[in-house]
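A short worksheet on the structure shown next.
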Amino acid sequence: MEESETKPKRTGGRFCCICNQRKAALKRPKTLEQICRECFYDVFEEEIHQVIVTNKLFKKGERIALGASGGKDSTVLAYVLSKLNQRHNYGLDLFLLSVDEGITGYRDDSLETVKRNEIQYGLPLKIISYKELYGWTMDEIVKMIGLKNNCTFCGVFRRQALDRGAALLKVDKLVTGHNADDIAETVLLNILRGDIARLSRCTSITTGEDGPIPRCKPFKYTYEKEIVIYPYSFVWHCLFYHSLHSHNKLSMFLNYCNYSMQTLEGNIFAYKKDTERIKPLTLAILIKEWKGYSLTKVHMKIKLFVMENIYKTNRVCQRLTFSSLTINKGCISYVLLNPLNQTLVELSPLKGFPSTKP
């Protein structure tokens with residue numbers, strides 16, 4: 001009798017720890033729980049809902065722009081948020097907002113996915129391009145400056161492009177698909193750069209509250225692996241892109257930027273993946289330890305001095321006529337654009353102040 005009673009206990013780990021009826025299909029990296037496919041979908045959606053409710057991300061009647069790139073994060077975000085909006089009666093008006101950076105073989109393909117998402121979810125889509133806003137595509141910029149600082153240009157331009165697109169849509173908030181992996185990479189990147197100021201806010205779930213359009217990240221605590229798994233049905237031993245079959249029939253673009261893997265950001269991505277493979281809880285620890293990180297009095301004084309004497313928060317850029325972080329009458333986007341427009345090949349973003357040369 002004793003042996004027969006112990007047998008179920010030996011195989012108990014193979015069953016879902018939530019329903020205890022179906023076989024477990026994956027081991028969650030965040031909690032190390034073994035759960036079945038059906039429970040995973042329920043838990044995934046419920047966790048996102050709890051993050052939204054606990055952090056009071058939205059108010060009823062608000063207009064929300066979803067940053068849509070066609071990738072896994074933004075596609076799953078649009079689907080889940082649209083689903084939760086109906087299920088829990090958030091009362092939100094949702095819009096898709098995409099930025100065309102002008103990267104051939106990457107963004108042009110992903111935008112086709114976004115257009116399919118527009119039809120699938122029935123959400124209005126607005127596409128805004130670097131060429132339209134700045135007169136340059138990323139392909140043209142990379143030809144001019146090379147691969148050394150291309151992520152700096154793209155990051156600055158993309159942030160402002162999203163703000164300008166959100167302003168055109170007249171939304172109250174902008175939602176992005178940044179997940180736990182993205183935030184952990186940002187923490188590591190800011191540490192390596194010695195960027196103390198950004199460390200104080202990079203783990204915040206809502207940023208830009210003092211600006212024209214706040215941004216929030218409902219996927220802050222969601223692992224990238226689970227976002228990849230969510231749209232698909234899977235089996236215990238097979239979790240690869242090429243062998244997955246769509247469960248929720250989501251159309252997404254699974255690829256990385258042509259230029260990102262050759263930069264510091266690409267190296268951070270590889271390091272994070274290797275570390276997570278050894279210790280899956282690394283991401284959660286990084287986000288938890290840096291959550292609410294506050295600057296020392298000395299760093300705060302330095303930050304205030306810089307903000308008061310160099311940067312002017314949320315002033316209208318006199319060059320691009322948009323409310324943004326400005327430096328000497330010009331926003332950071334203009335600071336980067338000015339040398340390009342003057343066909344200066346060698347450029348350092350840290351020294352790229354508007355030139356006085358004709």
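Index from 1, following the sequence. Hydrogens, waters and symmetry mates play no part in the numbers below; they use all other heavy atoms, side chains included.
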I141: which residues meet the side chain to side chain contact (heavy atoms under 4.5 Å, CB included) condition with it, sequence neighbours left out?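 For I141, the residues satisfying side chain to side chain contact (heavy atoms under 4.5 Å, CB included) (neighbours in sequence not counted) are W136, M138, I145, F153, F157, L340.
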
Listed by chain and number, what are the side chain to side chain donor-acceptor pair (under 3.5 Å) partners of [X], not counting sequence neighbours?
| X | answer |
| --- | --- |
| E209 | none |
| T222 | none |
| T176 | H178 |
| T31 | E33 |

Spatial distance of atom [atom1] ([X]) from atom [atom2] ([Y]) [nearest 0.5 Å]:
| X | Y | atom1 | atom2 | value |
| --- | --- | --- | --- | --- |
| L97 | L174 | CG | CG | 6.5 Å |
| L66 | L125 | CG | CG | 11.0 Å |
| I128 | R164 | CD1 | CZ | 6.5 Å |
| C39 | R22 | SG | CZ | 5.0 Å |
| I35 | F15 | CD1 | CZ | 15.5 Å |
| N55 | C216 | CG | SG | 9.5 Å |

| task | Would you please test D182 and D73 for side-chain contact (heavy atoms from CB on, under 4.5 Å) and show each step? | result | CA-CA 10 Å; D182 298 324; D73 300 319; 4.1 Å; yes

Dump the intermediate steps for side chain to side chain donor-acceptor pair (under 3.5 Å) on R116 and Q120, then the final yes or no.
CA-CA 6 Å; R116 289 195 293 270; Q120 289 174 329; over 6 Å; no

Contact between [X] and [Y] at the side-chain level, heavy atoms closer than 4.5 Å - yes or no?
| X | Y | result |
| --- | --- | --- |
| K225 | L26 | no |
| F44 | I227 | yes |
| F219 | V76 | yes |
| N85 | H88 | no |

Distance-only donor-acceptor check, side chains S74 and S69, under 3.5 Å:
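Looking only at side-chain atoms, S69 and S74 do form a donor-acceptor pair, the distance falling under 3.5 Å.
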
Query - N-O pairing of E118 and K115 below 4.0 Å - result: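 Salt bridge flag = no for K115 with E118.
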
Please list all pairs meeting salt bridge (Lys or Arg N to Asp or Glu O under 4.0 Å) that have one or both residues in [range], counting only residues at least two apart or in different chains.
| range | answer |
| --- | --- |
| residues 119-140 | K131-E140 |
| residues 85-104 | E45-R87, E101-R107, E101-R158 |
| residues 50-71 | E62-K173 |

Show me the side-chain donor-acceptor pairs of residues 47-54 shorter than 3.5 Å, one per line, residues at least two apart or across chains.
unit_1, atom_1, unit_2, atom_2, d
E47, OE1, R28, NH2, 3.0
E47, OE1, K30, NZ, 3.1
E47, OE2, R28, NH1, 2.9
E47, OE2, R28, NH2, 3.2
H49, ND1, Y90, OH, 2.6
Q50, NE2, E46, OE2, 2.7
T54, OG1, Q50, O, 2.6

task: Could you list the residues that satisfy ring-ring contact (aromatic ring centres under 6.0 Å, His included) with F58, not counting sequence neighbours?
output: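 For F58, no residue satisfies ring-ring contact (aromatic ring centres under 6.0 Å, His included) once neighbours in sequence are set aside.
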
Can you list the residues that meet the salt bridge (Lys or Arg N to Asp or Glu O under 4.0 Å) rule with R215, with sequence neighbours excluded?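 Here the qualifying residues are D163.
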
For residues [X] and [Y], report the shortest heavy-atom separation together with the two atoms involved.
| X | Y | value |
| --- | --- | --- |
| I213 | D172 | CG2-O, 4.1 Å |
| T137 | G102 | CB-O, 3.7 Å |
| Y130 | C154 | OH-O, 2.9 Å |
| A180 | Y221 | CB-C, 4.2 Å |

